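When a residue number appears, it is its place in the shown sequence, counting from 1. This is a predicted model, so every value here is computed, not measured.
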Amino acid sequence: MTAFLPEGKRIHNAANLTALCSFEGLKRAMERGDILEAKALSCDHEHNLKVELPFCRGVIPREEGALGIREGNVRDIALLSRVGRAVCFTVKDIVQEDDGVTAILSRADAQQKCAGQYLSALRSGDVIPARVTHLEPFGAFCDIGCGMVALMPIDSISVSRIEHPDERFTVGMDIFAVIKSISGSRVTLSHKELLGTWKENIARFSIGDTVTGVIRSIENYGAFVELAPNLAGLAELRDNIHVGDTAAVYIKSILPQKMKVKLIIIDHFYEPTLPEAPEYFITDGHIDRFVYSPPDCAKVIETEFG
């Protein structure tokens with residue numbers, strides 16, 4: 001089982017199932033320092049995680065629940081939020097008691113191994129899989145391997161501006177991300193570079209089309225309507241429109257030299273919807289430089305990954 005994918009995304013292989021299904025197998029896993037995975041069933045009043053194992057009790061003590069818990073750098077929500085979900089861990093000890101066997105586990109140790117074996121090999125510009133773990137107004141937190149969490153700031157999620165990351169993601173969604181920066185164990189992610197350039201996005205549309213979009217902002221000179229996460233156009237103002245409305249818009253003109261799309265709002269209505277899985281132009285490899293603006297545009301919008 002690879003330790004380098006988000007928790008809950010891996011599937012046990014036969015060797016790991018065998019390791020978990022016998023005392024001797026579990027002991028060998030402890031001696032080798034294997035990273036295993038199982039579901040966290042509950043969290044007690046002392047914030048110890050109870051883990052589902054086939055033949056014995058599994059416990060992740062609070063201080064072993066995540067890197068930074070012991071030092072106070074990580075809040076206990078990192079433990080509580082794992083209940084009902086898969087967790088990665090190593091086996092620290094096996095205790096035989098009168099009423100059975102208890103395996104003492106460490107998620108923090110698995111995270112540390114992941115950091116040493118995986119994160120140390122990453123560099124700015126690498127494209128990796130991730131899983132959204134929770135959302136805040138300022139960004140999305142993502143598991144990038146064995147519970148190692150990285151922040152994706154809200155302004156890095158898409159070119160089209162949003163008010164909250166929940167307009168793009170749901171908790172548990174599998175996505176791709178690009179490493180923006182690494183400082184020690186702190187990793188920052190970006191996302192918009194994977195969603196295509198202005199030219200790639202506008203290729204889906206033509207002058208004279210009537211399409212749907214989302215009104216993202218309203219200014220005194222017009223309303224910005226998102227046609228795709230990395231593409232927005234400016235529409236003429238219309239009465240009673242609101243941010244968040246779905247709008248049917250007519251594409252009046254496309255101006256690559258100015259990177260502009262002019263729109264006319266035909267109709268609008270409010271229709272609450274859940275975010276859909278992103279459509280990517282890039283899902284692997286490495287990016288040194290991303291240029292969003294078209295070649296003949298005077299304004300250059302780009303991202304350099306050092």
task: Apply salt bridge (charged side-chain N to carboxylate O under 4.0 Å, His left out) to the pair Arg131 and Asp143, showing each step before the final yes or no.
output: CA-CA 5 Å; Arg131 172 167 290 177; Asp143 178 355; over 6 Å; no

Please give me the minimum heavy-atom distance between [X] and [Y], naming the atom from each residue.
| X | Y | value |
| --- | --- | --- |
| Leu227 | Thr212 | CD2-O, 4.4 Å |
| Glu37 | Cys88 | OE2-SG, 3.9 Å |
| Ala235 | Val225 | CB-CG2, 4.1 Å |
| Pro294 | Trp198 | CG-CE3, 3.9 Å |
| Ile241 | Ala223 | CD1-CB, 3.8 Å |
| Asn201 | Ala228 | OD1-CB, 3.6 Å |

- request: Please indicate whether Glu276 has more than 12 foreign heavy atoms, meaning atoms of other residues, nucleotides or ligands, lying under 6.0 Å from its CD.
  value: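 Not more than 12 within 6.0 Å, no.
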
- prompt: Do other residues, nucleotides or ligands put more than 12 heavy atoms under 6.0 Å from Glu163 CD?
  reply: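 No, not enclosed.
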
Does one hydrophobic cluster hold both [X] and [Y], with members joined at side-chain heavy-atom distances below 4.5 Å?
| X | Y | result |
| --- | --- | --- |
| Leu189 | Ile287 | yes |
| Leu26 | Val59 | no |
| Val149 | Leu151 | yes |
| Val291 | Val159 | no |
| Phe224 | Phe205 | no |

Got a second to check how far [X]'s [atom1] is from [Y]'s [atom2], nearest 0.5 Å?
| X | Y | atom1 | atom2 | value |
| --- | --- | --- | --- | --- |
| Leu195 | Ile157 | CG | CD1 | 10.0 Å |
| Glu63 | Asn48 | CD | CG | 7.0 Å |
| Thr133 | Met148 | OG1 | CE | 12.0 Å |
| Cys43 | Ile60 | SG | CD1 | 9.5 Å |
| Phe176 | Asp284 | CZ | CG | 7.5 Å |
| Ile144 | Ile179 | CD1 | CD1 | 5.0 Å |

Not counting sequence neighbours, list each pair that qualifies as a salt bridge (Lys or Arg N to Asp or Glu O under 4.0 Å) and has a residue in [range].
| range | value |
| --- | --- |
| residues 185-195 | none |
| residues 195-213 | Arg204-Glu279 |
| residues 287-306 | Arg289-Glu302, Arg289-Glu304 |
| residues 216-232 | Glu167-Arg216, Arg168-Glu226, Arg216-Glu226 |

Donor-acceptor contacts, no H, no angles, side chain residues 251-273, under 3.5 Å, sequence neighbours left out:
from	atom 1	to	atom 2	distance (Å)
Lys252	NZ	Glu236	OE2	3.4
His268	ND1	Asp245	OD2	3.3

task: Please report the C-alpha distance between Thr197 and Phe290 in whole Å, then the side-chain angles of each, then the deciding distance to 0.1 Å, and finally whether the side chain to side chain contact (heavy atoms under 4.5 Å, CB included) criterion is met.
output: CA-CA 8 Å; Thr197 64; Phe290 171 78; 3.8 Å; yes

query: Do any N or O atoms from the side chain of Arg82 and from the backbone of Ala86 form a donor-acceptor pair under 3.5 angstrom?
result: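 Yes, the answer is positive, given that a donor and an acceptor are paired below the 3.5 Å cut-off.
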
- prompt: How would you list all residue pairs meeting ring pair (Phe, Tyr, Trp, His ring centres under 6.0 Å) that involve residues 150-174, not counting sequence neighbours?
  reply: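 Sorted result for residues 150-174: Phe169-His191.
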
Would you say the side chain of [Y] lies within less than 4.5 Å of the side chain of [X], judging by non-hydrogen atoms?
| X | Y | answer |
| --- | --- | --- |
| Leu234 | Tyr221 | yes |
| Leu231 | Ser160 | no |
| Phe281 | Leu194 | no |

task: Please name all residues satisfying side chain to side chain donor-acceptor pair (under 3.5 Å) with Arg62, sequence neighbours left out, ordered by chain then number.
output: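 Result, side chain to side chain donor-acceptor pair (under 3.5 Å) vs Arg62: Asp76.
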
task: Not counting sequence neighbours, which residues clear side chain to side chain donor-acceptor pair (under 3.5 Å) with Ser156? List them please.
output: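 In terms of side chain to side chain donor-acceptor pair (under 3.5 Å), with neighbours along the sequence ignored, Ser156 is linked to Lys180.
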
task: Decide side chain to side chain contact (heavy atoms under 4.5 Å, CB included) for Leu49 and Val83; before the verdict, give the C-alpha distance in whole Å, the side-chain angles of both, and the deciding distance to 0.1 Å.
output: CA-CA 8 Å; Leu49 284 171; Val83 173; 4.1 Å; yes

- prompt: Mind checking what makes ring pair (Phe, Tyr, Trp, His ring centres under 6.0 Å) contact with Phe138, not counting sequence neighbours?
  reply: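 Ring pair (Phe, Tyr, Trp, His ring centres under 6.0 Å) check on Phe138 returns Phe141.
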
query: Are Cys142 and Ile175 close enough, and set up right, to give a side chain to side chain contact (heavy atoms under 4.5 Å, CB included), and what steps lead you there?
result: CA-CA 9 Å; Cys142 302; Ile175 63 172; 4.0 Å; yes

task: Might you work through the side chain to side chain contact (heavy atoms under 4.5 Å, CB included) test for Glu136 and Ile154, ending with a clear yes or no?
output: CA-CA 9 Å; Glu136 298 288 349; Ile154 189 170; over 6 Å; no

- prompt: Linking Ile, Leu, Val, Met, Phe, Trp and Tyr by side-chain heavy atoms under 4.5 Å, what else ends up with Ile77?
  reply: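 Grouped by the 4.5 Å side-chain rule, Leu80 form the rest of the cluster around Ile77.
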
Considering only distance and modelled atom types, tabulate donor-acceptor pairs under 3.5 Å from the side chains of residues 90-106, sequence neighbours left out.
from	atom 1	to	atom 2	distance (Å)
Thr90	OG1	Asp109	OD2	2.7
Glu97	OE1	Arg57	NH2	3.0
Glu97	OE1	Thr102	OG1	3.2
Asp99	OD1	Arg57	NH2	3.2
Thr102	OG1	Arg57	NE	3.0
Thr102	OG1	Arg57	NH2	3.1
Ser106	OG	Glu64	OE1	2.5
Ser106	OG	Asp109	N	2.9

message: If the condition is side chain to side chain contact (heavy atoms under 4.5 Å, CB included), which residues does Val243 pass it with, not counting sequence neighbours?
response: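 Val243 satisfies side chain to side chain contact (heavy atoms under 4.5 Å, CB included) with Ile218 only.
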
